[in-house]
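Shown next, in structure tokens, is the structure this report addresses.
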Amino acid sequence: MAPVTSLASTVDQRIADALSAALPEAGSASPLLRRSDRADFQANGILALAKQLKGAPRELATRVVAALTAPELIADIEVSGPGFLNITLTDRAITETLAARAADGDRLGVPYAERPGTTVIDYAQPNVAKEMHVGHLRSAVIGAAMVEMLEFTGEKVIRRHHIGDWGTQFGMLIQYLIEHPHELDHKGDSEGTGGRDTGDGRDTGGGQDTGGGQDIDGETAMSNLNRLYKASRALFDSDEEFKARSRDRVVALQAGDKETLALWQRFVDESKIYFYSVFDQLDMEIHDPDVVGESGYNDMLEETCRLLEESGVAVRSEGALCVFFDDVKGPDGNPVPLIVKKTNGGYGYAATDLSAIRDRVGKLSATNLLYVVDARQSLHFKMVFETARRAGWLSEEVQAVQLAFGTVLGKDGKPFKTREGETVRLVDLLDEAVERATAVVREKSEKAGLSEDEIAERGKQVGIGAVKYADLSTSAARDYKFDLDQMVSLHGDTSVYIQYAYARIQSILRKAGDATPAAHPELALAPAERALGLHLDQFGDVLAEAAAGYEPHKLAAYIYQLASLYTTFYDQCHVLSDDNPAEVVENRLFLCDLTARTIERGLALLGIRAPERL
């Protein structure tokens, strides 16, 4: 089915045509159309034109109105104030446009982008042999939402999880494992937890065969890694001979020694069991081919440095290979360089990131590079992107953007910590969210008649959805307070409020009996029906804007407002009343059904489930 042009776009085009007809000397001027609380839309473009044409705004506006002929679309248009146009649409136009959207299945009439490209999204970047904490939440949640939104608009999306799987700490870990060879053995006392198979050869829910014949869950894997890390760190700090052997082991790792690489791979595999279990708890799919960590670019590092030096983009400074920038200086006023290769011959993060750009543009044919990374790394990425442009690896046809996000704060407005001052484990935070949400679902479950299994399932969907929505409803660049009491509230701007609105609609549709949703364009619409209908029609426009600007909070705001407008409609327009004629019941069921489908699709694009019963 063909995409549906939004009412706003249709009105904008009609006013633009009238402007051209009435004021040909104005050229292709924009009507500057926007939603209005005085009518359905307001066009403000004539005020700017009046200055350009040296005419009276109201007189010009009157001429434009006279040139406008669209009775099937516009019920009323008036010149207001100094020359605004207040535009009210016909009820028929609203209902017919919504009917066209409803007929377009899951896409709801949303068009594909005119010129989709290929976007590589770098997100969800945990570190091997280290526990995921609250600081890892935002990259995963925001990145996953952007994947869904961009793919829905027609963009080809390639996921990349740039995990921290390389570096000097592995010398310490590997050396300890060599000297204590059974530290990562699995004793057979941990059973798999029945994770789901994602079709890529691994089990995300926890149970995974690590090659030793035993299935272990994510918590067991992380416990093994934590124990080994603490033991190796203690020995490294207390034993100079072990420290020396560990440093030698780093050299062996970087040189590609087979035994060392095999042990390094054990740490990576053990960590993946844990990573995948956490991502599964977040209701996110992570696939092995998309995990390309720092080690994935090792073979490119030397060539990257050579190309930078030969082109003059990077220069030697005190033995290190550096790139300098006129506008990047330290507190002392001296230039702060991007260090690509260290004095001791080691490679910095810049070398890996630059090699990744070469790979993503050259091999993956990326037209957009999107990095969902903490705002505290903004200077680093600014310098990396500029270096890549100087080297010619980023061209005018390729856009590189850091979707920088702020910090997760506690209720006190300070960085989120435990009472003991430690970083909050991500799994603990998610467990508590599910526990709180399950209590809310159980309290409300009597009417829905949910079983204990259903309560547990809905509790997870509501709890994880609440965590995601709190993050995504905030502009990524801002910090936000992690307040579970607010997140799982049935009131206010929460996913729980939206999920309950969706469940309420499903309840109405189940109770409708023989009555079915059907659009009746001949009917007049009540104010609450008009407001709901006009907002439903904006879904495609809002999604396009949110995807293009990498701003998922705009989609979240749209869905919340949709649920709020539905609540007003529900209160003011009885749907299944015996006093309503059959066509009114059908038309209101139609509005209910399209609202539910739009909420479900919008939440899915944010990675949030919409349970049919709560």
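Nothing here was measured: the structure is a model prediction, and the numbers come from that model.
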| Derivation of the side-chain contact (heavy atoms from CB on, under 4.5 Å) call for Ser378 and Gln402 | CA-CA 7 Å; Ser378 294; Gln402 181 194 0; 3.3 Å; yes
| query | How far apart are the C-alpha atoms of Tyr176 and Leu228, what are their side-chain angles, what is the distance that settles it, and do they pass the side-chain contact (heavy atoms from CB on, under 4.5 Å) test? | reply | CA-CA 8 Å; Tyr176 188 86; Leu228 194 147; 4.0 Å; yes
| Tyr297 and His162: ring-ring contact (aromatic ring centres under 6.0 Å, His included), yes or no, with the steps? | CA-CA 10 Å; Tyr297 306 101; His162 192 86; 5.8 Å; yes
| request: Mind running side-chain contact (heavy atoms from CB on, under 4.5 Å) on Ile608 and Asp283 for me, showing each step along the way? | output: CA-CA 8 Å; Ile608 299 172; Asp283 200 14; over 6 Å; no
| query | Do Val488 and Thr494 pass the side-chain contact (heavy atoms from CB on, under 4.5 Å) test, and can you show the C-alpha distance, the side-chain angles, and the key distance before you say yes or no? | reply | CA-CA 7 Å; Val488 300; Thr494 69; over 6 Å; no
| said: Quick one, Arg390 with Glu386, criterion salt bridge (Lys or Arg N to Asp or Glu O under 4.0 Å). Give me CA distance, side-chain angles, the key distance, then yes/no. | reply: CA-CA 6 Å; Arg390 292 181 187 178; Glu386 175 59 25; 3.2 Å; yes
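For Asp332, the CG atom counts as densely surrounded, since its 6.0 Å shell holds more than 12 non-hydrogen atoms of other residues, nucleotides or ligands. The environment of CZ in Arg478 is sparse: at most 12 heavy-atom neighbours from other residues, nucleotides or ligands sit within 6.0 Å. Heavy-atom contacts from other residues, nucleotides or ligands closer than 6.0 Å to NZ of Lys243 number more than 12. Enclosure of atom CZ in Phe324 by more than 12 non-hydrogen atoms of other residues, nucleotides or ligands within 6.0 angstrom is indicated.
No hydrogens or angles considered: a donor-acceptor pair under 3.5 Å links the side chains of Tyr469 and Asp493. For Arg609 and Gln461, the side-chain atoms include no donor-acceptor pair closer than 3.5 Å. For Thr220 and Asp217, the side-chain atoms include at least one donor-acceptor pair closer than 3.5 Å. Side-chain contact, Gln254 with Asn298: no donor N or O sits under 3.5 Å from an acceptor N or O. With hydrogens and angles left out, the side-chain atoms of Glu155 and Thr153 include no donor and acceptor closer than 3.5 Å.
A salt bridge does not link Arg159 with Glu285: none of the charged nitrogens is closer than 4.0 Å to a carboxylate oxygen. Classification of Asp359 and Arg160 as a salt-bridged pair fails, no side-chain N sitting under 4.0 Å from a carboxylate O. Residues Lys414 and Asp412 are not paired through a salt bridge, judged by the lack of any N-O separation under 4.0 Å between the basic side chain and the carboxylate.
In this pair, Phe152 and Phe539 present their aromatic rings tilted. The plane angle is within the 30 to 60° band.
Considering every non-hydrogen atom in both Ala546 and Lys554, the closest pair reads CB-CB, 4.1 Å. Nearest heavy-atom pair across Ser473 and Ala556 is CA-CB, 3.8 Å. When all heavy atoms are compared, the tightest approach of Ser232 to Leu173 is OG-CD2, 3.5 Å. Considering all non-hydrogen atoms of both residues, Val434 and Lys460 come closest at CG1-CA, 3.9 Å. For the pair Ala320 and Ile339, the tightest heavy-atom approach, listed with the atom from each and the gap, is CB-CG2, 4.4 Å. Here the closest non-hydrogen pair linking Ala145 and Leu472 is CB-CD2, 3.9 Å.
Under the salt bridge (charged side-chain N to carboxylate O under 4.0 Å, His left out) criterion, Lys258 pairs with no residue at all, not counting sequence neighbours. Under the rule for a ring pair (Phe, Tyr, Trp, His ring centres under 6.0 Å), Phe405 has no partner lying at least two apart in sequence or in another chain. Evaluation of the salt bridge (charged side-chain N to carboxylate O under 4.0 Å, His left out) rule for Arg233 yields Asp237 as partners, not counting sequence neighbours. Under the side-chain hydrogen bond (donor to acceptor under 3.5 Å, both in side chains) criterion, Ser489 pairs with no residue at all, not counting sequence neighbours. Scanning for salt bridge (charged side-chain N to carboxylate O under 4.0 Å, His left out) contacts around Asp485 gives Lys411, Arg436, with sequence neighbours left out.
In this structure, Leu282 and Leu137 have side chains that are in contact, with non-hydrogen atoms separated by less than 4.5 Å. Taking the side chain as every heavy atom from C-beta outward, Trp166 and Leu253 approach each other to under 4.5 Å. The side-chain heavy atoms of Val427 and Met222, taken from C-beta on, include no pair separated by under 4.5 Å. Residues Asn368 and Leu150 fail the side-chain proximity criterion, which asks for heavy atoms closer than 4.5 Å. Using a 4.5 Å heavy-atom threshold, the side chains of Leu369 and Asp122 count as separate. Side-chain contact between Lys468 and Ile464: present, with at least one pair of heavy atoms (C-beta onward) separated by less than 4.5 Å. Between Trp393 and Val361, every side-chain heavy-atom pair lies at or beyond the 4.5 Å cut-off. Side-chain contact between Val424 and Val408 is absent, with no heavy-atom pair separated by less than 4.5 Å.
If you look at His136 and Phe275, their ring centroids are not closer than 6.0 Å. Phe385 and Tyr371 have their aromatic ring centers within a separation under 6.0 angstrom.
Taking CZ from Phe381 and CG from Leu338, the interatomic distance works out to 11.0 Å, rounded to the nearest 0.5 Å. Interatomic distance, OG1 of Thr407 versus CG of Asp374, reported as 5.5 Å (0.5 Å rounding). To the nearest 0.5 Å, atom CG of residue Leu543 and atom CD of residue Gln538 are 12.5 Å apart. Atoms OG1 and CG, on Thr387 and Leu394 in that order, are 10.0 Å from each other to the nearest 0.5 Å. The NE2 atom of His161 sits 9.0 Å away from atom CD of Gln125, with the distance rounded to the nearest 0.5 Å. Rounding to the nearest 0.5 Å gives a distance of 14.5 Å between CZ of Arg245 and CD1 of Ile174.
The closest donor-acceptor contact from the side chain of Ser139 to the backbone of Tyr123 lies at 3.5 Å or more, if one exists at all. Formation of a donor-acceptor pair under 3.5 Å by the Thr118 side chain with backbone atoms of Thr367 is not found in this model. No donor-acceptor distance shorter than 3.5 angstrom exists from the side chain of Ser223 to the backbone of Glu219, with no hydrogens or angles considered. Of the possible polar contacts, none joining the Asp479 side chain to the Gly406 backbone as a donor-acceptor pair under 3.5 Å is found. A side-chain donor-acceptor contact under 3.5 Å links Trp264 to the backbone of Asp165.
Residue pairs satisfying the salt bridge (Lys or Arg N to Asp or Glu O under 4.0 Å) criterion with at least one member in residues 299-308, sequence neighbours excluded, are listed as follows: Glu302-Lys341, Glu303-Arg306, Glu303-Arg358, Arg306-Glu310.
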